[in-house]
Structure formats: structure tokens, C-alpha cells
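Notes to accompany the following structure.
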Amino acid sequence: MTQKIANIVLLVNDYDEAIEFYTKSLGFTLIEDTVMSETKRWVIVSPPGATESRLLLAKAKNDAQKIRVGDQTGQRVFLFLHTDDFWRDYKKMTENKVRFVREPSEETYGTVAVFEDLYGNLWDLVEPKEAGINE
């Protein structure tokens, strides 16, 4: 048997502002943007070079969802963005005004810094030290 997680849902306030942030500030690729109804779109973005890692940007539609935009994990790091060149991506992200809330540090597992997305969800930008660790 083979299984995989196909998409991770990320609640957003607005489709277009989320697409702008993920494609312009983080350099993600817009995989799909399909209108499903007057109020719903199927929007998928993916990090550059990723073949299976995808985010489904879902517009919050009720109060329970709206209060979770930007805090889907209770202020814990939500997602881990691995890179093959930490300093290249860190520099590009800071130039694109991505807000880092924890400065870069060298850890046993690699180089890491914590940043916020446009809504406040926390992410780790990580360049692992050894292939296969935390992949």
C-alpha cells in the first residue's frame, strides 16, 4: 500500500492576497486557481522544486475558521520549509519583507530561522545538515 498527504489546508482571509504573498514573497509556484463557486476557489501553491508538497489556500468562511487564520497551531511552528541553501533563501525572503521572528541559528540538525507568513502562522526555514534528516 502507498499513501501520501496530498495537500495541507492553510486558512486565509483572502485568496488574492495569499497568492501574492506565497508566490511573490516566498517564491512558491501557483499550481492551480480554479473558481468553484461565487465564494470558493481551489487554490494550490507549492515551494519551488517541490513535487509533492502543496498548500491548499482555503478562504475562511465562518467565525470558527476566521479566528484561526494565522494561528492554526496555537502559536507553535506550523510548517517546515526545507532548503538546499539557507542563506540564499533567507536573504531573498528578507528582501521581500518576510518577517523573521527568530534569527538564524546553527542547530545540531541544520541552519534554521523562524518566520511568519502574512497572517502570522509560524514557519521554520531549515537547511538540514545531513541528507535524509527531517525529510
Side-chain angles (χ1 to χ4, degrees):
M1 176 195 280
T2 300
Q3 295 180 339
K4 67 178 180 177
I5 295 174
N7 299 310
I8 295 175
V9 173
L10 183 67
L11 291 170
V12 301
N13 286 328
D14 179 83
Y15 290 115
D16 294 322
E17 75 180 3
I19 290 169
E20 170 116 0
F21 176 81
Y22 283 97
T23 60
K24 301 262 170 40
S25 297
L26 298 186
F28 283 24
T29 301
L30 178 61
I31 304 295
E32 184 175 352
D33 183 0
T34 302
V35 175
M36 306 296 283
S37 71
E38 284 186 34
T39 58
K40 184 177 180 180
R41 289 160 56 183
W42 186 260
V43 178
I44 296 176
V45 295
S46 183
T51 57
E52 294 186 2
S53 302
R54 300 169 8 151
L55 290 177
L56 173 62
L57 304 179
K59 185 175 178 182
K61 63 181 179 177
N62 58 43
D63 290 341
Q65 292 176 6
K66 288 176 184 176
I67 63 170
R68 287 171 175 80
V69 171
D71 189 22
Q72 291 189 203
T73 59
Q75 300 176 354
R76 179 162 167 54
V77 168
F78 178 43
L79 296 166
F80 296 77
L81 182 60
H82 281 199
T83 177
D84 61 350
D85 186 334
F86 178 89
W87 293 107
R88 174 200 64 213
D89 293 344
Y90 178 80
K91 181 180 180 214
K92 182 177 179 185
M93 291 167 72
T94 55
E95 288 171 355
N96 289 334
K97 307 213 182 321
V98 173
R99 183 172 176 260
F100 280 84
V101 297
R102 193 172 76 212
E103 292 301 311
S105 63
E106 292 295 326
E107 304 297 335
T108 57
Y109 55 86
T111 307
V112 61
V114 179
F115 69 92
E116 289 182 328
D117 68 14
L118 75 162
Y119 298 114
N121 291 300
L122 299 177
W123 292 62
D124 270 2
L125 175 65
V126 180
E127 180 180 351
K129 280 191 178 173
E130 296 179 33
I133 293 181
N134 299 317
E135 288 184 3

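Note that this is a predicted model, so its numbers are computed, not measured.
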With clusters defined by side-chain heavy atoms of hydrophobic residues (ILVMFWY) lying less than 4.5 Å apart, directly or transitively, does Val45 cluster with Leu79? yes
Set out, in order, the CA-CA distance, both residues' side-chain angles and the distance that settles side-chain contact (heavy atoms from CB on, under 4.5 Å) for Glu20 and Leu118, then state yes or no. CA-CA 10 Å; Glu20 170 116 0; Leu118 75 162; over 6 Å; no
If hydrophobic clusters are built from ILVMFWY residues whose side chains come within less than 4.5 Å, do Met93 and Val112 share one? no
Any chance you could measure Glu52, atom CD, to Asn7, atom CG, to the nearest 0.5 Å? 11.0 Å
If you round to the nearest 0.5 Å, how far is CG of Asp14 from CD1 of Ile19? 8.5 Å
Looking at every non-hydrogen atom in both residues, tell me the closest pair between Asp84 and Arg88 and how far apart they are. OD1-NH2, 2.7 Å
Report yes or no: does Lys129 contribute a side-chain atom to a donor-acceptor pair with the main-chain N or O of Glu107 at less than 3.5 Å? yes
Restricting to non-hydrogen atoms, name the atom on Pro47 and the atom on Ser53 that form the minimum distance, rounded to 0.1 Å. CD-O, 3.4 Å
Cluster link Trp87 to Val98, ILVMFWY, side chain under 4.5 Å: yes
Taking C-beta and beyond as the side chain, do Leu30 and Val43 meet within less than 4.5 Å on heavy atoms? yes
Test item: Ser25 side-chain N/O and Tyr22 main-chain N/O as donor-acceptor pair under 3.5 Å: no
Does Asp117 reach the side chain of Phe78, with side-chain heavy atoms less than 4.5 Å apart? no
Ala58 versus Val9, closest heavy-atom pair with distance: CB-CG1, 3.7 Å
Taking atom CD of Glu17 as the centre, report whether more than 12 heavy atoms of other residues, nucleotides or ligands fall under 6.0 Å from it. yes
Heavy-atom neighbours of Arg41 CZ exceed 12 at 6.0 Å: yes
State the CG-CZ distance between Asn96 and Phe21, to the nearest 0.5 angstrom. 9.0 Å
Could you tell me whether the side chain of Gln72 and the main chain of Leu11 form a donor-acceptor pair under 3.5 Å? yes
Value for CG (Asn13) from OH (Tyr119), rounded to nearest 0.5 Å, stands at 4.5 Å
Using the rule that two of Ile, Leu, Val, Met, Phe, Trp, Tyr join whenever any of their side-chain heavy atoms come within less than 4.5 Å, decide whether Leu122 and Val12 are in one cluster. no
Determine, stepwise, if the pair Glu127 / Tyr90 fulfils side chain to side chain donor-acceptor pair (under 3.5 Å). CA-CA 10 Å; Glu127 180 180 351; Tyr90 178 80; over 6 Å; no
Heavy-atom pair of closest approach, residues Lys61 and Lys66: C-CE, 4.3 Å
Between Asn121 and Gly70 the two heavy atoms that sit nearest each other are OD1-C, 3.2 Å
Would Phe115 and Phe86 show up in the same hydrophobic cluster when neighbours are defined by side-chain heavy atoms closer than 4.5 Å? yes
Any chance you could measure Ile67, atom CD1, to Gln65, atom CD, to the nearest 0.5 Å? 10.5 Å
Gap separating the CG atom of Asp89 from the OG1 atom of Thr111, nearest 0.5 angstrom: 12.0 Å
Between Phe28 and Leu81, is the side-chain contact (heavy atoms from CB on, under 4.5 Å) condition met? List the steps. CA-CA 11 Å; Phe28 283 24; Leu81 182 60; 4.2 Å; yes
If only atom types and distance count, is the side chain of Thr29 paired as donor or acceptor with the main-chain N or O of Ile31 below 3.5 Å? no
Whether Ser46 side chain and Arg54 backbone form a donor-acceptor pair below 3.5 Å: no
